[in-house]
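Report on the structure given below.
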Amino acid sequence: MERPGAGEINSNECENVSRKKEISEEFEASTVDSLVDVPFATIDIKDDCGITDVPQINLERSKENEWISKDQIQKRRKKHKDYQPNYFLSIPITNKEITRGVKILQDAIIQQDKRLSKAMTGDGSFHVTLLVMQLLNDDEINIGIDALLELKPFIEEILRGKHLILPFQGVDTFGNQVGFVKLAEGDHINPLLEIAEAAKRIFQEKGILAGESRSYKPHLTFMKLYKTPWLWKTWFQTLSQNDKSVVKGVKKIDPKLYENFISHRFGEEVVQRIDLCSMQKKKQSNGYYHCESSIVIGKRPIGIQDLINEALHRERMGLKAKVKQIKELLLKPETQAKIRRELFEGRSINNSNQGNDVDSSDTLT
């Protein structure tokens, strides 16, 4: 057998290198795809994409071990795709001072690069995400509504009659891809985290896929660069017949764009309600997300919609209790024996009547 000369690469090594690259790219692509489907980020996008965590495959590993690793990556990718959040609990931003401040921030960025206007979040949809989840059909949506309504007494217990006030100050990004206004530090952080944890527990106890593996980081998103991939591309601009300039794509949010807002105070939001919103259904005319149901937080006059929600909740709970009673009754041995007996007797009577019909017809002929 010929040995490769100096500077030549063994074909097996080439195959291993190629396979390593293929698996690594496949892993990164799958995690990036999962991010793009979510309209907000909760951690550093670099961590979310797993770039710092890509498994390194030893070139000397046997083919059997390589195929095992590839199978594990495929399973991980499938698990990622099986859980794609499409609903979320939203704390809407209703304070006009905050909304105006964020709009001024957006306009200041756009003045520096007009292309970034396509990456801005509409002011009607400003919110803080409390929890993400997957609801696949109407039954699961109804379960989600029940879970939201059951969350209210837990929130009241956490707040103990106090208002939950969220102060916003400063600007940052997740991996230079998602721009957000930061939630300032203070006594409001712990109750907000407790509410988020209670929501996650209640939804999961009802069998709903909810929450994320990452720690909860509340924020107000105002810009999503990863949602505008066409801005990433570099292209040539023709100024004249012999003059062409290169226009570089925008692949990350430059901190210089928002440097004047690093410590800016945007205002305080008194949390008034929590909404169960869809990521995919058509938004409302004011730009806010499609809302399935809401609960009122804090001291506030009860409105008609609040009364409707409470009435629907009581009605739903009553129906669920009746269905549960019927199921328990049907599972009792004496009930099942009675049903079988009645079915058998009914079948016997039908057979007897059919026999009599035949006999009478024979007599007539």
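What you see below is based on every heavy atom in this structure, not just the backbone, and it leaves out hydrogens, waters and symmetry mates.
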Pi-cation contact, Tyr288 with Arg273 (under 6.0 Å, within 45°): yes

Least distance between heavy atoms, Cys277 atom then Ser90 atom: SG-CB, 4.0 Å

Connected via hydrophobic side-chain network under 4.5 Å: Leu136 and Phe203: no

CD on Glu97 to CZ on Arg265, rounded to 0.5 Å: 11.0 Å

Atom of Pro167, atom of Leu183 and distance for their closest heavy-atom approach: O-CD1, 3.3 Å

Side-chain donor or acceptor of Gln134 paired with backbone N/O of Ala210 under 3.5 Å: no

Heavy-atom check, side chain of His264 versus side chain of Val181, under 4.5 Å: no

Distance in Å, Glu269 CD paired with Thr99 OG1, rounded so as to fall on 0.5 Å steps: 8.0 Å

Whether Glu197 side chain and Leu193 backbone form a donor-acceptor pair below 3.5 Å: no

Neighbour count >12 (heavy atoms, 6.0 Å) for atom NZ, Lys338: no

Neighbour count >12 (heavy atoms, 6.0 Å) for atom CD, Glu334: yes

Spatial distance of atom CD1 (Ile274) from atom CD1 (Ile195) [nearest 0.5 Å]: 5.5 Å

Shortest non-hydrogen contact from Leu89 toward Ala199: CD1-CB, 3.8 Å

Pairing of Asp254 and Lys256 as salt bridge, 4.0 angstrom limit: no

4.5 Å side-chain heavy-atom contact, Val271 and Ile165: no

Parallel, tilted or perpendicular: rings of Phe261 and Phe266 (30°, 60°): parallel

Sub-4.5 Å side-chain heavy-atom contact between His188 and Leu164: yes

CD on Gln177 to NZ on Lys224, rounded to 0.5 Å: 13.0 Å

Derivation of the side chain to side chain contact (heavy atoms under 4.5 Å, CB included) call for Ile297 and Val270: CA-CA 9 Å; Ile297 303 300; Val270 179; over 6 Å; no

Least distance between heavy atoms, Glu150 atom then Ile202 atom: O-CD1, 4.0 Å

Asp275 and Ser294 side chains, donor-acceptor separation under 3.5 Å: yes

Donor + acceptor pair across side chains of Ser125, His127 (<3.5 Å): no

Closest approach of Ile253 to Gly179 (non-hydrogen atoms, all atoms of both residues): CD1-N, 3.7 Å

Ser263-Gln169 side chain donor-acceptor pair, cut-off 3.5 Å: no

Any side-chain heavy-atom pair of Glu292 and His290 under 4.5 Å: yes

All salt bridge (Lys or Arg N to Asp or Glu O under 4.0 Å) counterparts of Lys103, not counting sequence neighbours: none

Chi angles and distances behind the side chain to side chain contact (heavy atoms under 4.5 Å, CB included) call for Glu259, Val171: CA-CA 8 Å; Glu259 61 182 356; Val171 178; over 6 Å; no

Gln280 versus Tyr87, side-chain donor and acceptor atoms under 3.5 Å: no

Exercise: identify the closest heavy-atom pair between Gly211 and Lys200: CA-CE, 4.2 Å

Min side-chain heavy-atom separation Phe126-Ile98 under 4.5 Å: no

Check residues 104-112 and write down every donor-acceptor pair under 3.5 Å in which the side-chain atom is one partner and the other belongs to a residue at least two apart or another chain.
from, atom 1, to, atom 2, distance (Å)
Gln106, NE2, Thr121, O, 2.9
Gln106, NE2, Phe222, O, 2.9
Gln112, NE2, Ala108, O, 3.1
Gln112, NE2, Leu257, O, 3.0

Over 12 non-hydrogen atoms of neighbours within 6.0 angstrom of CG in Asp187: no

Point-to-point distance, once rounded to the nearest 0.5 Å, from NZ of Lys252 to CG of Leu225: 11.5 Å

Gap between atom CD1 of Ile326 and atom OG1 of Thr335 - 0.5 Å precision: 12.0 Å

Check against side chain to side chain contact (heavy atoms under 4.5 Å, CB included), Thr173 and Tyr258: CA-CA 10 Å; Thr173 69; Tyr258 56 84; 3.6 Å; yes

pair Val132-Met279: side-chain heavy atoms closer than 4.5 Å: yes

Side chain His163, main chain Leu159, donor-acceptor under 3.5 Å: no

Side chains of Ile155 and Ile295 in contact at under 4.5 Å (non-hydrogen atoms): yes

Side chain to side chain contact (heavy atoms under 4.5 Å, CB included) between Ile143 and Ile208, worked out: CA-CA 8 Å; Ile143 294 173; Ile208 294 174; 3.7 Å; yes

Validation row, ring centre Tyr289 to ring centre Phe88 under 6.0 Å: yes

Note, Phe168 side chain near Val128 side chain (heavy atom, < 4.5 Å): yes

Exceeds 12 heavy-atom contacts within 6.0 angstrom, atom CD of Glu185: no

